[in-house]
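Written out below as structure tokens is the structure these notes cover.
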Amino acid sequence: MSVASGTDRPLRGVRVVDLVRGHLAPITRYLADLGARVDRIEAEAPAPDDLSDLAANSGKRRVVAALDDPEVRALIAQADVVVADAGQTLNLTDLRKANPSLVTMGVSDFGVGNSFSDWQATDLVLHALSGGLSRSGIRGRAPLPPPGRLALECAVAQAAYALGVSLYRALRTGEGDHIDFAALEGAVQALDPGFGISGSATMGKPLHLLSRDRPPKGFQYPILPCADGHVRICLLSKRQWRAMFRWMGEPPQFAAPEFDSLAARYKSPDLLKAIAAFFADRTRAELEAEGQGYGVPISMVLTLEEGLNSEHVKARGALRRQTLPDGRVVSLPNGVVAIDGERMTADESLETQPDFEVSPPSPAAEPGRHAFEGLRVLDLGVIVVGAEQGRLLADQGADVVKVESRAYPDGNRQSYLTYGLSVSFAAGHRNKRSLGLNLRDPAGRRLFLDLASRADVILSNFKPGTLEGLGLDYQTVSQVNPRVVMVDSSAFGASGPWSGRMGYGPLVRAATGLTLAWRYPDDPEGFSDSTTIYPDHVAARVGALATVALLIRRLRTGRGGTASIAQSEIMLAHFAEEIAQSSVGEDYGAQTDWPCGVYQTQGDDDWCVVTVRNTADWMATCRLIGFEAGKELDTSAKRLAAREQIDAAMRAWFGARSADQAAVALQAVSVPAARMLRVADLQAFPWFQERRFYRVESHPYLGEPVVAERRHARTEALAEAPLRCAPLAGEHSETIVREWLSESDDVIAGHIATGVLEPVEPGVLAAATAAIAEQAQKGVA
């Protein structure tokens, strides 16, 4: 994949003013990469060797000046988007009165106007309050926070997507918007949602039904030792297990048909031991090559450095080099989206671009309460990334048609219910319709192209080359519809040595260094990422943002285009600072202050997190807990050296009170802290109630409620997501062909008779109807 040079960046001409300080500053970095001119206003310039600032603000144009400076006032007056800290002095309401098409965003940790607005957040606090921390670690041990700043980075992506949505609507209609963005809302949606679409990490159970404890050691996505380290396997489907069985030489003790069942394989006391013995004397590289040859999803477990130095990362140009003022050369992630085949990366020269102008073929629309009203989307996506990309567009009014087939059902159709629904599926596919279509049949391909000629967007997340193999690549589709936007997401991207690998999140985490870094320091086998679904949800946000960016470009040019996202590179971007530190020989990931961690409190396996960021936080903590020795530990270095002494005092203080009491007391003195919430706690936690974040939805074929977020962000101009139930497979096949193509009943009947068009199977509809009737009867009884 080449680096962008002559590509028409989708946000070219869009002007953004960035007034954000602190850990949410990277929000506008996504817009800068996609071509917007981002003017970052700063009272004073950062240190030239500040790697954290470099990672957060690459591609932005720095303006060192006060808010009342004439240049700054002019930039704000010309802006399409202004992003600022919620507590700063600039009046965003007045700005929108002066410029009604302006999109503004006030960012904060907990939003404005609620009882938590003065609370302080860090990445660890967001992990605790999002429910993710409660599933991180190993059963019987303390929760283990992941490395890096994953919660903040995911929140940043959610905020960037929210800006894209409101900007698209403003450019279409001339009506601006204001977004009250809270980091916690972004993190709970884009990191690893407790309520929403989930993958095999939950074993088909809603997350609120999982154990209160952490997952058992080595239970899921097994990580097994080999001659020179570890490998990870993901044996999810029958086909994958059969490949593993053949690779092992078809051992008779595992030949029984019941091993085709994922549940049976997990229950076997001998299978994992046999696989471990089979791997023991082979190297990581040998196992990876052999396993992939058999069709077994497998990856070496690499360090960050090994991943960065891999041939794949080099071949894709996933890193770029930048020379610091002191002469050191630093490596940084090189953007996460390819537009029209070229990588979008930081380019500070974009200040010369013209103002954005909507082309005459795309006239302004009447302001609607949903940004994507009138758009038609063909959604070929599967599992989590695929579900979320389309669902985000559907929640803002697009007619999203999930294209699926009986021969190759979406893995999330697997359920304890025989008719392919679950609470997870219902949350991940709300507001969509389902079209059953056999794309392997030439007539099915022709029908898809007819639909594509009327579509605005086509989404997919197959293994690279799949659409090309079906004859449905962009070159083909754009011949019938030059305005179409096609967006694909894959594990490792559409090019490079790893592009053909199975695209599961656990394998991506293993190959990029995250899995190896996420383990207990005293336990080399203490891998702790087994139930996370990261980076699927955040990859979907990046894909949706790329979709919106291309739709924005279409307003200007009248033509479509492509976007491609590699999930592995999103993960690398989330570790930009660590990558930069490593490239110049600094100790990346090192603890910078103490106390910072998870402490047990009163209650049943209850915990509270705290983050001391500086000496002011430390002295406030000492006064609160009565730690007299704190005065002597007046630097970060001294506190780190006295870690054991500090921990003893902290454990005693936390152990004498509840997690809520501890968190409230620390936050009262402006020290970031929070109780660790489990998923079952989220709905009742006061902050989520005050923000009206969750809502309970019903489904005619589910006997339990579906809990999901109301909206992607709190905005003034946009409505909450509609309440349309997720479909049965093929539920709207006839309706969609009739509406989109104006086909007659006879033609539709012919498509059904030949198996090209697949309506709901009679047995599926009967099972769904019977199940809900049985549940209703039990309720009456």
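Only this structure's heavy atoms are used, side chains among them; waters, hydrogens and symmetry mates stay out.
- Once rounded to the nearest 0.5 Å, the distance linking OG1 of Thr547 with CG of Leu393 reads 6.0 Å.
- Considering Val609, Val610, Leu152 in turn, Val609 is the only one that fulfils the side chain to side chain contact (heavy atoms under 4.5 Å, CB included) rule with Val125.
- Counting only heavy atoms from C-beta outward, the side chains of Glu569 and Arg316 approach each other to under 4.5 Å.
- In this structure, the side chains of Met502 and Gln292 stay at 4.5 Å or more apart for every pair of heavy atoms.
- Between the side chain of Arg320 and the main chain of Leu332, no donor-acceptor pair closer than 3.5 Å is present.
- Salt bridge status for Asp33 with Arg29: absent, with no side-chain N to carboxylate O gap under 4.0 Å.
- Side chains of Leu184 and Phe693 form no contact here, defined as non-hydrogen atoms less than 4.5 Å apart.
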### Pair Thr512-Ser568, side-chain hydrogen bond (donor to acceptor under 3.5 Å, both in side chains): steps then yes or no
CA-CA 7 Å; Thr512 52; Ser568 59; over 6 Å; no

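- Side-chain atoms of Thr515 come within 3.5 Å of backbone atoms of Ala510 as a donor-acceptor pair (strictly under, hydrogens ignored).
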### Evaluation steps, side-chain contact (heavy atoms from CB on, under 4.5 Å), between Ile275 and Phe254
CA-CA 11 Å; Ile275 296 175; Phe254 305 119; over 6 Å; no

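- A distance of 8.0 Å separates CD in Gln189 from CG in Leu392, rounded to the nearest 0.5 Å.
- A salt bridge links Asp606 with Arg678: the distance from a Lys NZ or Arg NE/NH1/NH2 to an Asp or Glu carboxylate oxygen falls below 4.0 Å.
- With rounding to the nearest 0.5 Å, the separation of CG in Asp379 from CG in Asp410 is 9.0 Å.
- The aromatic rings of His230 and Phe527 sit perpendicular, their planes meeting at an angle over 60°, well past the 30° parallel limit.
- Taking each heavy atom of Met676 and Asp681 in turn, the nearest pair found is O-OD2, 4.5 Å.
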### Task
Under the side-chain hydrogen bond (donor to acceptor under 3.5 Å, both in side chains) rule, what do Ser528 and Arg519 come out as? Steps first, then yes or no, please.
CA-CA 5 Å; Ser528 299; Arg519 56 181 174 169; over 6 Å; no

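- Here the side chains of His127 and Val598 are not in contact, with every heavy-atom distance at 4.5 Å or above.
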### Task
Decide yes or no on side-chain contact (heavy atoms from CB on, under 4.5 Å) for Cys154 and His537, but give the supporting numbers first.
CA-CA 9 Å; Cys154 291; His537 289 92; over 6 Å; no

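- Leu682 approaches Gly131 most closely through the heavy-atom pair CD2-N, 4.3 Å.
- Using the six-membered ring where Trp is involved, Phe688 and Tyr694 have ring planes that are tilted, between 30° and 60° apart.
- Side-chain atoms of Asp192 do not come within 3.5 Å of backbone N or O of Gly132 as any donor-acceptor pair.
- Minimum heavy-atom separation, Val679 to Arg135: CG2-NH1, 3.2 Å.
- In terms of heavy-atom proximity, Pro506 sits nearest to Arg232 at O-NH1, 3.2 Å.
- By the 4.5 Å heavy-atom criterion applied to side chains, Arg282 and Cys226 are not counted as neighbours.
- Inter-residue side-chain proximity for Val542 and Tyr30 is flagged as met; some heavy-atom pair is nearer than 4.5 Å.
- Residues Ser490 and Lys463 have side chains not in contact (no heavy-atom distance under 4.5 Å, counting atoms from C-beta outward).
- Of all the heavy atoms in Gly148 and Phe575, the pair that sits closest is CA-CE2, 3.7 Å.
- A side-chain donor-acceptor contact under 3.5 Å links Thr345 and Asn334.
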### Task
Check the pair Ser331 / Leu308 against side-chain contact (heavy atoms from CB on, under 4.5 Å), numbers first and verdict last.
CA-CA 10 Å; Ser331 292; Leu308 295 175; over 6 Å; no

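- Side chains of Asp123 and His23: a donor-acceptor N/O pair is absent below 3.5 angstrom, by distance only.
- Side-chain atoms of Ser268 never come within 3.5 Å of backbone atoms of Arg265 as a donor-acceptor pair (strictly under, hydrogens ignored).
- Minimum heavy-atom separation, Pro333 to Leu572: CG-O, 3.4 Å.
- Side chains of Arg284 and Leu302 form a contact here, defined as non-hydrogen atoms less than 4.5 Å apart.
- Ser583 contributes atom OG, which lies 10.5 Å from atom CD of Glu305 (distance to the nearest 0.5 angstrom).
- In this structure a side-chain-to-backbone donor-acceptor pair under 3.5 Å is missing from Ser58 to Ala55.
- Judged by distance alone, with hydrogens and angles left aside, the side-chain atoms of Tyr520 form a donor-acceptor pair with the main-chain N or O of Ile138 at under 3.5 Å.
- The backbone N or O of Gly496 sits less than 3.5 Å from a side-chain atom of Ser499, completing a donor-acceptor pair.
- For the pair Ser261 (side chain) and Ala263 (backbone), a donor-acceptor distance under 3.5 Å is present.
- Residue Tyr534 forms a side-chain hydrogen bond (donor to acceptor under 3.5 Å, both in side chains) with just one option from His574, Glu153, Arg509, and that option is His574.
- The aromatic rings of Trp241 and Phe245 sit tilted relative to each other, their planes meeting at an angle between 30° and 60°.
- Between Arg613 and Asp593 there is no salt bridge, since no side-chain nitrogen of the basic residue lies less than 4.0 Å from a carboxylate oxygen of the acidic one.
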### Message
Leu126 vs Leu191, test: side-chain contact (heavy atoms from CB on, under 4.5 Å). Steps then yes/no.
### Response
CA-CA 10 Å; Leu126 297 181; Leu191 173 60; over 6 Å; no

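- Looking at Arg149 and Glu578, a side-chain N of the basic residue comes within less than 4.0 Å of a carboxylate O on the acidic one, giving a salt bridge.
- For the side chain to side chain contact (heavy atoms under 4.5 Å, CB included) criterion with Val301, the lone passing option out of Ile223, Leu224, Leu507 is Ile223.
- Between the side chain of Ser136 and the backbone N or O of Leu144, at least one donor-acceptor pair lies under 3.5 Å.
- Here Leu380 contributes atom CG and Met486 contributes atom CE; the two are 8.0 Å apart, rounded to the nearest 0.5 Å.
- Looking at Gln567, its side chain never comes within 3.5 Å of a backbone N or O of Ala539 through a donor-acceptor pair.
- Once rounded to the nearest 0.5 Å, the distance linking OG of Ser130 with CG of Leu150 reads 10.5 Å.
- Listed by chain and residue number, Arg328 satisfy the salt bridge (Lys or Arg N to Asp or Glu O under 4.0 Å) test with Glu586 (two or more places apart in sequence, or in another chain).
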